[in-house]
Structure formats: structure tokens, C-alpha cells
There are 2 protein chains.
Amino acid sequence: MSEVHTGESLLFLTDEQLRQGIEAVFFAYRGFTSAPDQILEGMAYGRAHHRAIHFIARAPGMNVNRLLAILGVTKQSLNRVLRTLIEDGLVESRVGRADKRERHLYLTEEGAALEGRLSEAQRAWMRAAYRKAGPDAVTGFRQVLEAMMDPELRRLYAGLREG
Amino acid sequence: MSEVHTGESLLFLTDEQLRQGIEAVFFAYRGFTSAPDQILEGMAYGRAHHRAIHFIARAPGMNVNRLLAILGVTKQSLNRVLRTLIEDGLVESRVGRADKRERHLYLTEEGAALEGRLSEAQRAWMRAAYRKAGPDAVTGFRQVLEAMMDPELRRLYAGLREG
DNA sequence: ACATTACGTCAGCCTTGTTGACATTCCAAG
DNA sequence: CTTGGAATGTCAACAAGGCTGACGTAATGT
């Protein structure tokens, strides 16, 4: 990996080095999801519910279409997840004021409580990984991840910050 | 993010920064799987088949138990995938010489051909992301990923290199 | 001889993705 | 103002790929 280390060098990467990167992503993703998975197991929810809750918490009042685009699933698939969350009183769906076709999504108090548990667990896990790797590594990590994101998705993601 | 940038500083990370990291992983993983997924769609295979093929290519002659541990699924789940691959002539299962209970797995010529297509597509994608991010970022990326891996899995993964 | 290990298989379940069909609402063209 | 099309969201049915449990068979180890 010495070629990768030296700052000014060209990026000379063997297939073997690339393969190692690929496998590292695969294995790391398992760790990434394990903390929330453990909280959810036993409850009637899975990863799909976690994802929905996460992004509703992040941008309260988001409509279904927006959430659909972010999650990258079909509306039917999301709807099933959303329905159980609404039935269980974790998510509230309000009919849009301007456009009554739209449903705007909010976490209830109970939903926010679960979201808090999930995201705190995942943050703690992430913090631990960051600490092990060190500050410089974290910067590089974020840069590569940004480069890995689909450009259109990055647009959408940036749009989230404004609302 | 200035705290993260400065090399010697403590790792001071706000919840917001951690959340961004979490979301980046989520979004990046989508891109990561999309190239192989596109090749596989239309064929009768999915991600599960890709994973099996990948690791059989990486360590030919691996027995089923070992593959099971690496993939982290049940034997029933793996078996379904493996059965179709064997039936279709992409994977060969040879009875172990030393221990005849074991089955050792190999790619056939056809299997290797598919593996080549899949991994080349994924490597190309990975290479592009690395290039965008630059050499220093790649080093950091790898360090964080290693830190994200489950310790036991890392042991297993290291063991792969020897055989 | 007997328990254990490695592997395969059948059956059945759950989550989470898919498509297809449909109701409601909005908007713009006639 | 009406009406047809587009957008939004819901219901139904199906497929992939996880899971558990139970069982069979062959080979190995004690």
C-alpha cells in the first residue's frame, strides 16, 4: 500500500488492493448495522423501519415522495413499513395543507424515543470506530464516501439540509 | 469539520457530524452494490450469489463451513444459493481428500467468467471513487473500515490470506 | 461402539423488495 | 366549468433471501 500512502504520488492501485477495499466495505457494513439491529430484534421492526424513522427524524414534515427518493425503494415497499409505524403510534401522517394529496410525516413522542435509542447506539459505535482510526483517517474516510455516493443522490441529500 | 482535519487534535465529533458519517455509509453502500446488481439483473442470480462467487474465487477450494462463517448466513440460506450455482455449472463441489465429509468449492470456467465480469465492474467503480478522493483519503478510508469491522470477523478475514 | 462433525435437505416463517390495479386530489387545456 | 391527465398514496399478490427446526447420511474421533 505504499503507493497509496505517499501524498503526491499517482493513485496506483492493483486489483488486489481494490479487492481488499471492496471486501472491507462488505464486512464493515455488517458492523455498521449490527447495533440498531440488536435493539430492533424482538420488536416487530427491522432495518427498513429504522431507515424510515431516521430520515423522518432528520427532516420532520417530509412528504412520502421525498422520503421515497431518499430511501430508494418503491412507494409500496415504504408504505408497508410506514403503515405499521403509524398504526403503532410512532409516526404521525398529516394531510398536506397546500396539497391534500401529500402526507407529511412526523415522529410522535414515542417514535422520537425509539429514534433516540437507535441513533445513539449507532453513533456510539461510529464514534468508537473513528477513535480507533484517528482524526486524519476520518477525514479521508468521509472524502471517499462522498466520492462513492451517486451524484444525483448527493444532490438530494444536500437538499435535505435546507428542508 | 475543522477538528477532524487537524492531525494532532483530539477527536471532537458532534452528534451531527456522526450522523452525517452514518448517512454517508448508508448512501455509499447503495452505489457500492449497484454495478454488480446491474449485471446480475435479468440473470437468475442476486447479491447472495455474487457474494458466494466472490469468496470462492478469492479462496478456491474453501470448504462450506468456512464460507458460511465469512458470509455470516445459515447453511440453509447458503445452500439454496450454492445449489443453483452448482446445478448451473458455475461452481464445482469436490469431496475433500483428507476429510471426505468436507466439500471444497471451486469456480468452473463459466463461473470464473461471471466472477470476472462482476468484480471488474465493481473494481472500476471503486477505482473511480478512489481517484476522486485521492491517495491520502484512501488510506484513511481503509483505516476506518478496518476499525469498523467486527474483531472476530477481522481474524477470519486475515486467515483468508494464508489459506 | 458411539458421539460428534460436516454437509445436505425439507418445511415453514418473516422481512423487505418488486409489479399491477386502483382511489383521491390537483391542475391545466379546452 | 368541466374534464382528462398527472401526481400522490393505498391495497393485493408475489419473489428473493434471510431465519429456525428437524432430520438423514457419511466420515471422523474417542
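Residue numbers begin at 1 in each chain, while the letters A, B, ... track the order of the sequences. The basis for the numbers below is simple: all heavy atoms, side chains too, and nothing from hydrogens, waters or symmetry mates.
Put simply, the side chain of B:T84 gets close to the backbone of B:V81: a donor and an acceptor are under 3.5 Å apart. A distance-only check finds a donor-acceptor pair linking the side chain of B:R154 to the backbone of B:E146 [under 3.5 Å].
We find that CG of B:L67 is positioned 15 Å from P of C:dA6, with the value rounded to whole Å.
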Polar atom pairs (N or O), protein with nucleotides 15-22 of chain C, under 3.5 Å:
{"residue": "C:dT16", "atom": "OP1", "partner": "A:R47", "partner atom": "N", "Å": "2.6"}
{"residue": "C:dT16", "atom": "OP1", "partner": "A:A48", "partner atom": "N", "Å": "3.1"}
{"residue": "C:dT16", "atom": "OP2", "partner": "A:H49", "partner atom": "ND1", "Å": "3.2"}
{"residue": "C:dT16", "atom": "O4", "partner": "A:R80", "partner atom": "NH1", "Å": "3.3"}
{"residue": "C:dG17", "atom": "OP1", "partner": "A:R51", "partner atom": "NH2", "Å": "2.6"}
{"residue": "C:dG17", "atom": "N7", "partner": "A:R80", "partner atom": "NH2", "Å": "2.6"}
{"residue": "C:dG17", "atom": "O6", "partner": "A:R80", "partner atom": "NH1", "Å": "3.1"}
{"residue": "C:dG17", "atom": "O6", "partner": "A:R80", "partner atom": "NH2", "Å": "3.1"}
{"residue": "C:dT18", "atom": "OP2", "partner": "A:T74", "partner atom": "N", "Å": "2.8"}
{"residue": "C:dT18", "atom": "OP2", "partner": "A:T74", "partner atom": "OG1", "Å": "3.1"}
{"residue": "C:dG20", "atom": "O6", "partner": "A:Q76", "partner atom": "NE2", "Å": "2.8"}

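Residue A:R19 holds its CZ atom at 9.5 Å from OG of B:S119, rounded to the nearest 0.5 Å. A:E92 CD to A:I86 CD1: the interatomic distance, rounded to the nearest 0.5 Å, is 9.0 Å. Note that NE2 of A:H50 is 10.0 Å distant from CZ of B:F26, once rounded to the nearest 0.5 Å. Separation of atoms CZ (A:R51) and NE2 (A:H49) is listed at 10.5 Å; rounding is to 0.5 Å.
Between B:N79 and C:dC7, a side-chain N or O to OP1/OP2 separation shorter than 4.0 Å is absent.
Annotation: cation-pi pair A:R94/A:Y106 present, NZ/CZ under 6.0 Å from the ring centroid and within 45° of its normal.
Salt-bridge formation is detected for the pair A:R127/B:D15: a Lys NZ or Arg NE/NH1/NH2 atom is positioned less than 4.0 Å from an Asp or Glu carboxylate oxygen. Between A:R47 and A:D37 there is a salt bridge, with a side-chain nitrogen of the basic residue lying less than 4.0 Å from a carboxylate oxygen of the acidic one.
In summary, of the residues considered (B:E23, B:E16, B:Q17), a side-chain hydrogen bond (donor to acceptor under 3.5 Å, both in side chains) with B:Q20 occurs for B:E16 alone.
Shown for residues 87-105 of chain B: residues whose heavy atoms fall under 4.0 angstrom of DNA chain C, namely B:R101, B:E102, B:R103.
Here chain B contacts DNA chain D (any atom closer than 4.0 Å to a heavy atom, that is under 4.0 Å), and the contacts span D:dG17 to D:dT28 from 5' to 3'.
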